[in-house]
Amino acid sequence: MLKVLVCVSGGGTNLQAVIDSIKDGRIKNAEIVRVISNNKNAYALERAKENGIPGTCVSPKDYGCREDFHKAFLDALREDAPDLIVLAGFLVVLPEEMIREYKNRIINIHPSLIPSFCGTGYYGLKVHEKVLERGVKITGATVHFVDEGTDTGPIIAQKPVQVNEDDTPKILQKRVMEEAEWVILPQAIDWIANGMVEVKEGRCRVLA
Ligand code: GAR
């Protein structure tokens with residue numbers, strides 16, 4: 001059984017998609033051992049509680065410097081010895097030590113088709129604002145492994161989503177979540193839990 005730890009910062013709809021997929025069998029051989037938030041008001045923590053999953057808040061506001069926060073965050077992670085860390089709307093830059101320690105064991109969901117609309121400053125609603133500003137006709141979501149760069153790690157899964165003429169950033173965000181994020185994140189976790197993802201020379205192969 002793959003031990004999954006989910007890191008969140010906000011609403012937690014992707015966390016909910018993972019919880020539901022484990023319950024209904026779309027994700028096999030995986031369990032969520034803990035949810036960690038950097039924000040004590042994150043609704044995602046409520047979702048964890050409602051589903052009997054231990055939740056922890058490690059907020060940078062409670063530490064005098066970044067180093068102390070990173071140490072506390074890493075200590076909290078290590079406690080459950082997770083096999084896989086899922087960043088599900090986690091808006092904190094990860095400590096380098098964590099990226100090294102969990103190489104090819106951290107995945108992130110990003111709300112665009114990487115390498116478009118990603119990198120520093122592209123998160124949450126901002127991504128969809130930029131997509132509409134540029135006028136692209138297709139956007140989507142990506143699940144990728146996390147490396148030292150921002151949104152640069154090996155890509156596991158992507159799904160395109162249509163952009164409509166009258167979209168607002170919020171309407172587009174909702175469509176990308178419903179049609180892409182909530183589908184490919186559980187899918188990627190299921191693949192990993194069942195030994196179907198291989199990383200070679202910076203690229204992923206899914207052994208379907
Ligand atoms: C999601 O759209 C996720 O793709 C995005 O934050 C949102 C979190 O929503 N993540 C990023 O932008 C990371 N760069 P949720 O809390 O409802 O899952």
Side-chain angles (χ1 to χ4, degrees), residues 4-22 26-27 32 34-51 53 55-59 73 84-95 98-99 106-134 136 138-163 167-189:
V4 179
L5 187 147
V6 185
C7 295
V8 295
S9 297
T13 64
N14 278 286
L15 167 68
Q16 190 68 55
V18 176
I19 292 172
D20 294 347
S21 301
I22 289 175
R26 271 174 296 157
I27 299 178
I32 303 178
R34 181 168 300 276
V35 170
I36 296 184
S37 172
N38 62 309
N39 164 13
K40 69 172 173 17
N41 298 317
Y43 186 65
L45 283 174
E46 279 301 312
R47 296 181 192 269
K49 199 168 160 193
E50 276 165 20
N51 287 280
I53 300 164
T56 303
C57 173
V58 186
S59 166
F73 179 60
L84 180 72
I85 296 170
V86 176
L87 310 182
F90 188 57
L91 305 179
V92 169
V93 178
L94 302 186
M98 171 178 168
I99 298 172
I106 308 173
I107 64 171
N108 178 48
I109 176 83
H110 182 78
S112 76
L113 292 175
I114 290 175
S116 289
F117 305 103
C118 63
T120 307
Y122 285 87
Y123 60 89
L125 210 55
K126 288 188 196 295
V127 175
H128 307 292
E129 284 167 9
K130 298 281 182 199
V131 162
L132 293 176
E133 252 171 60
R134 184 63 185 84
V136 296
I138 299 285
T139 184
T142 303
V143 182
H144 63 95
F145 283 109
V146 172
D147 67 6
E148 290 74 11
T150 307
D151 302 328
T152 53
I155 291 172
I156 306 165
Q158 292 189 299
K159 196 167 189 285
V161 172
Q162 182 82 36
V163 181
D167 276 346
T168 63
K170 283 215 160 143
I171 290 173
L172 183 58
Q173 180 182 50
K174 187 165 177 279
R175 188 179 316 115
V176 169
M177 284 176 157
E178 286 173 354
E179 293 183 11
E181 295 184 44
W182 303 342
V183 178
I184 62 173
L185 183 60
Q187 172 88 87
I189 295 170

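We count ligands from 1, going down the list as the structure has it; atoms in each ligand are counted the same way.
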Completion exercise
Applied to residues 145-157, the side-chain hydrogen bond (donor to acceptor under 3.5 Å, both in side chains) test, sequence neighbours excluded, yields Asp147-Thr152

Problem - Flag for Ser9-Asn39: side-chain donor and acceptor within less than 3.5 Å - result: no

Handout entry: Pairs satisfying side-chain hydrogen bond (donor to acceptor under 3.5 Å, both in side chains), at least one member in residues 109-118, at least two apart
Key = His110-Ser112

Handout entry: Donor-acceptor under 3.5 Å (Arg47 side chain, Gly11 main chain)
Key = yes

Do any nitrogen or oxygen atoms of ligand 1 lie under 3.5 Å from a protein nitrogen or oxygen, and which ones?
unit_1: ligand 1; atom_1: 2 (O); unit_2: Glu181; atom_2: OE1; d: 3.0
unit_1: ligand 1; atom_1: 2 (O); unit_2: Glu181; atom_2: OE2; d: 3.0
unit_1: ligand 1; atom_1: 4 (O); unit_2: Glu181; atom_2: OE1; d: 2.8
unit_1: ligand 1; atom_1: 12 (O); unit_2: Gly124; atom_2: N; d: 2.8
unit_1: ligand 1; atom_1: 14 (N); unit_2: His110; atom_2: ND1; d: 3.2
unit_1: ligand 1; atom_1: 16 (O); unit_2: Gly11; atom_2: N; d: 3.4
unit_1: ligand 1; atom_1: 16 (O); unit_2: Gly12; atom_2: N; d: 2.7
unit_1: ligand 1; atom_1: 17 (O); unit_2: Gly12; atom_2: N; d: 3.4
unit_1: ligand 1; atom_1: 17 (O); unit_2: Thr13; atom_2: N; d: 2.8
unit_1: ligand 1; atom_1: 17 (O); unit_2: Thr13; atom_2: OG1; d: 2.6
unit_1: ligand 1; atom_1: 18 (O); unit_2: Thr13; atom_2: N; d: 3.3
unit_1: ligand 1; atom_1: 18 (O); unit_2: Asn14; atom_2: N; d: 3.0
unit_1: ligand 1; atom_1: 18 (O); unit_2: Asn14; atom_2: ND2; d: 2.9

Exercise for the section: Mind checking side chain to side chain contact (heavy atoms under 4.5 Å, CB included) for Leu125 and listing every partner two or more places apart, or none if nothing turns up? Expected result: Glu129, Pro169, Lys170, Gln173

Problem - Non-hydrogen atoms of Leu15 and Ala48 that approach each other most closely - result: CD2-N, 4.4 Å

